[in-house]
Amino acid sequence: MPKLTIDGKTIEMPKGATILQAAQALGVYIPRYCYHPSLPVSGTCRMCVVEVEKTAKLQIACATEIADGMAVRTDTPAVKKARRDVLEYLLINHPVDCPICDQAGECFLQDYYMDHGLHKSRIAPGDKIRRSKRRAAGKYLTLDNERCILCTRCVRFCDEVTRTGELTVSGRNDASFIDMKEGKGVDNDYSLNIADICPVGAFTSRDFRFKARVWFLKKTGSICTGCAAGCNIEVHHNEGIVHRLMPAPNPETNTWLCDRGRMTYKVLRAGDRLSKARIKKGSMEPEPALRQAAHLIDDAAHRAGPESVAVLGSPYLSLEDNLAIAELASGSIKTGALCLDFSCEQGVKDGILINKDQTPNANGLKLLRARYGGLDQNALIGLINSGRIKLIVAEARALNSLREKLRDLSNIPTVILALAKSDLDFDSDCVLPYASYFETEGHFVNYKGRIQKTAAAVAAPEGVQPLWLVLSKISSYTGAPIKIEDTKAMSAKLSEYALGKSVIPAICKPGSIAAKSTRE
Amino acid sequence: MIEIKKVDNRPLNLLERLYIWEIFKGFLVTSGHFFRNLFNPKGLITVQYPEVKRPLEYAAKRRTRHRLKVRADGSPKCVACFLCATACPANCIHIEAAEYQANPVEKYPAVFDVDLARCVVCGMCVEACPEDAIAMDTEEIPGGALKREEMYLTREKLFRNLPGEPSLKGAANRLAQGGKGIGRG
Amino acid sequence: MEKFKPVISLLNLDLLLFTAITAVKIGFLLGAVMGFTAFLTWVERKLSSLMQDRVGPNRASIFGFTLLGLFHPIADGIKLMMKEDFVPARADKVLFTLAPVLTLVPVLAAFAVIPFGNYVDVMGLRVELVIARFPLGLLYALAVSGFAIYGTFLAGWSSKSNFALLGALRGAAQMISYEVVLGLTLIGLLMIYGTADLQQIVREQGKLLFGFIPAWGVVYQFPAFILFLAAAIAENKRTPFDVVEGESEIIGYFMEYSSMRFAVFMFAEFIEIILISMLAVTLFLGGWQVPFLEEAGFLFPGGLALPVHPYLTALAQMGAFAAKTAFMCWALMTLRWTVPRFRFDQVMKLAWQGILPLSLLNILITGLALTLI
């Protein structure tokens with residue numbers, strides 16, 4: 001393996017590695033625009049120039065392969081001057097409209113200008129070349145050509161990662177600009193990654209547009225619950241409001257994050273979020289509604305026996321919540337009509353990330369099923385359709401997934417646990433809200449069997465509690481408590497019944513090198 | 001020049017320890033001030049603010065109630081960049097940004113509130129503003145309201161131009177004038 | 001008609017007339033004192049501001065007229081009435097309510113024996129210009145004003161607040177100590193005039209010493225005058241004797257009081273200033289006496305005589321009394337803004353080791369002098 005020195009420090013790297021990779025491994029930061037670890041090298045921006053001994057000119061670190069005995073310096077006056085000049089060149093026609101630019105605060109032009117530039121502009125503002133300002137580029141993106149530095153990260157992303165090729169560089173020389181190919185918008189499933197990898201404010205998110213300034217955002221590492229992939233994410237939030245989700249790259253799960261996953265936070269938005277319980281279509285505080293739910297369960301179990309109560313697990317819920325559901329059925333109500341069978345075909349759908357299984361925790365249910373058993377899906381459907389079931393306790397989306405196969409539900413009372421109003425496309429006399437997985441911790445098992453944990457980034461609405469706590473309270477109101485009153489009891493139960501001695505991998509901490517690399 | 005005052009710490013003599021004479025001397029001092037001011041009220045140094053305002057030497061640097069400057073077309077100069085809210089040590093500025101559909105400036109503050117009850121009148125917001133949009137030169141002293149709501153200034157209460165404005169300072173001014181692009185790119 | 005006879009005989013004319021005249025006198029004096037008290041609250045603020053080179057209250061206005069800030073007492077009154085009438089949860093409600101009353105009533109009652117003029121003849125009836133003239137007037141005044149200690153102590157104790165209790169304890173100790181010395185400072189005066197009837201004491205002071213010096217108490221008993229003032233200010237609990245309030249540490253026995261209850265305490269304090277001033281004037285500064293003005297008119301030494309109508313004489317005497325009282329009030333207030341506060345041990349030391357032996361010495365010397373002359 002070739003051995004080289006960078007700024008006096010020696011390192012051995014496998015053959016074919018570049019100087020930039022070697023420097024990264026040594027912890028020497030080399031500024032760059034066009035280089036991205038997950039994209040092919042193009043070498044257009046010239047920001048990463050370094051001095052290599054015995055070469056006449058400065059070399060670009062991102063595209064120069066290492067060789068044995070190479071001596072690289074990144075801090076000589078020549079390198080510093082080169083960086084300064086490259087930066088000045090890039091900024092010649094930059095509009096400097098940072099006040100209205102969403103990239104401000106995480107913009108590489110701003111950062112590098114403070115680190116390497118600090119020059120006065122030699123171009124009068126009136127003499128700068130104007131280009132077209134904002135225009136929509138697909139469903140989720142805004143394109144501003146004036147801010148673009150033509151690093152072509154976006155073009156390479158569309159060509160090499162999604163292989164949809166919507167973007168191209170039009171024109172030539174100093175008149176070249178990023179453009180969409182004839183008749184195409186950037187409408188692939190991963191378009192918002194372009195906003196992430198764009199080092200400047202040329203591509204910005206339309207969803208996040210003008211919502212918040214990035215320096216206010218707090219970051220919490222968590223798990224995406226959009227599908228069975230279990231992508232690691234960063235929840236960006238401020239003052240209790242989630243503003244956007246960003247990928248937290250993890251070699252085990254994901255580098256990117258799909259657009260659908262990024263929009264999962266929308267469930268928290270005031271209009272759709274269920275923050276009060278609904279009893280007979282009337283809105284009320286969650287706490288008293290629990291007694292109504294307990295009464296419904298008690299009533300059905302009393303009149304037609306406990307077997308007349310069907311309890312459904314849900315692949316959309318965490319292990320904690322499903323465990324509480326299973327406990328409620330077998331420990332409290334003592335019914336056999338418990339269904340934890342929601343498995344479906346899994347596997348990466350498009351070769352990138354998105355899974356065929358749109359539920360995040362079908363594999364988690366398998367863990368619980370090994371312990372609690374329960375009916376399989378068809379048996380339960382048969383039971384319900386036969387009319388022997390007098391009450392269904394279920395999470396809204398899980399019940400929705402069975403709707404096609406079920407008879408009319410209108411004369412079976414239900415206790416529904418729901419997160420969003422849009423999930424309720426049927427009438428129920430008792431709808432209870434619960435804390436989403438942006439508001440409470442929960443374990444999920446992804447399609448590879450990797451167990452991961454979400455984190456509570458923001459606080460749940462007043463009175464809204466985690467689902468397992470809701471069920472725990474209902475069970476104590478029915479007089480047969482499941483005895484899971486706090487997180488300590490929950491985690492004890494969880495490791496006893498489902499996880500065993502499994503090691504839960506830590507989520508990448510926001511700001512760690514791995515988490516940073518989507519943007520870089 | 002540092003002056004040194006020598007304190008006389010000798011023990012009190014009998015007359016002083018009786019206090020009566022000393023109290024009478026103090027009495028003469030206070031009543032002396034009393035009668036002097038009673039018969040010559042104009043000699044008092046108190047300024048009857050706000051009826052009487054004494055020109056201040058550094059009046060140009062005086063910070064008073066905020067205002068938001070507006071452009072010639074009546075739209076705010078502010079582009080809701082949040083730098084004032086970032087700089088504000090009292091957390092008294094609340095902004096909600098929104099997007100113009102037609103105006104080339106793109107961004108404007110749909111909500112811009114200044115809570116004068118929290119404001120510490122430090123002027124950092126003015127320093128931070130890249131658009132020359134906020135100023136503290138209305139010559140109105142913040143405070144002295146009968147209701148808390150009166151201390152809460154909304155966008156509309158803040159809009160005001162002084163004579164000679166609008167100026168053309170500010171980063172987004174070029175956009176406001178409708179900068180033309182060259183070609184598509 | 002027959003059955004009303006006992007009632008009519010009970011309501012004989014003399015009694016009716018006496019009641020009416022007394023009522024008028026009470027009304028007059030009470031009105032004057034209360035009005036002057038409100039005025040004093042303004043005076044105190046204005047006076048302190050002027051001696052500190054400030055302007056003082058000048059904002060309250062009616063239709064734009066501020067009148068030197070004279071509307072401030074009215075504004076203060078309105079404000080105090082609007083305030084929440086707060087009673088601490090664990091306070092003794094009855095005593096808490098009673099305390100301000102017990103502070104105000106004794107102070108007002110003491111005015112009964114203060115002569116504010118000589119006499120007037122109305123329709124052949126001689127009306128003494130004092131509400132109640134009786135031989136032990138001075139003792140009555142001292143005794144009644146001594147009752148004020150109940151108000152002080154009950155206020156502090158019933159509040160169930162440590163600070164209020166601390167203030168009340170200080171107040172009780174201070175008032176009891178100075179009650180004793182206050183009486184002792186006046187013994188010399190009683191020995192000279194030989195009476196405790198205040199009207200008689202004032203009349204005695206109308207005499208002339210060596211034919212031209214008015215024989216006021218202050219001339220005979222100057223040291224006693226100083227001692228009396230010191231003791232009286234201490235009774236009043238104002239600076240320099242305001243450790244009871246201790247504004248920087250404990251805020252005093254009325255700490256838990258608000259609204260008009262607090263106002264009553266404050267009012268009582270100002271009324272007490274007037275009472276002290278009136279007592280000092282009556283005992284030491286010749287009361288209503290105008291120098292050289294006697295029943296017939298001005299009789300100056302050297303034989304110059306100037307006849308004055310009896311009513312004008314009475315008016316002049318009442319005016320003199322008011323002026324002297326006002327002067328004393330001014331002096332007391334100036335003193336309050338001149339002298340810093342004593343420490344509590346100093347207050348006690350002054351009473352027991354200062355004023356008490358000195359007033360005993362004063363009695364001794366006075367007795368010796370009276371025996372020798």
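Each chain gets a letter, A, B and so on, in the order its sequence line appears, and its residues count up from 1.
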Hey, is [atom1] on [X] packed in by over 12 heavy atoms from elsewhere, all under 6.0 Å?
{"X": "B:Tyr100", "atom1": "OH", "result": "yes"}
{"X": "B:Met151", "atom1": "CE", "result": "yes"}
{"X": "A:Lys181", "atom1": "NZ", "result": "yes"}
{"X": "B:Phe159", "atom1": "CZ", "result": "yes"}
{"X": "A:Lys218", "atom1": "NZ", "result": "yes"}
{"X": "B:Glu156", "atom1": "CD", "result": "yes"}

Output yes when A:Arg209 and B:Glu106 qualify as a salt bridge under the 4.0 Å nitrogen-oxygen rule, no when they do not.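 Here A:Arg209 pairs with B:Glu106 in a salt bridge, since their nearest N and O are under 4.0 Å apart.
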
Reported CD-to-CZ distance for the pair B:Glu99 and A:Phe210, which is rounded to 0.5 angstrom: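 If we round to the nearest 0.5 Å, B:Glu99:CD and A:Phe210:CZ are 5.0 Å apart.
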
What part of B:Glu131 gets within 4.5 angstrom of chain A, counting heavy atoms only: side chain, backbone, both, or neither?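 For B:Glu131, side-chain heavy atoms alone lie under 4.5 Å from chain A.
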
Under 4.5 Å from a heavy atom of chain B, the part of A:Arg213 involved: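 The side chain, not the backbone.
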
Under a 4.5 Å heavy-atom cut-off, does chain B meet the side chain of A:Asn93, its backbone, both or neither?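 The answer is neither part of A:Asn93.
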
Work out which heavy atom in B:Cys81 is nearest to a heavy atom in A:Pro99; give both atom names and the distance.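 Where B:Cys81 meets A:Pro99 most closely, the heavy atoms are CB-O, 3.1 Å.
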
Check: B:Leu175 and A:Ile100 side chains under 4.5 Å, non-hydrogen atoms: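 The answer is yes; the side chains approach within 4.5 Å.
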
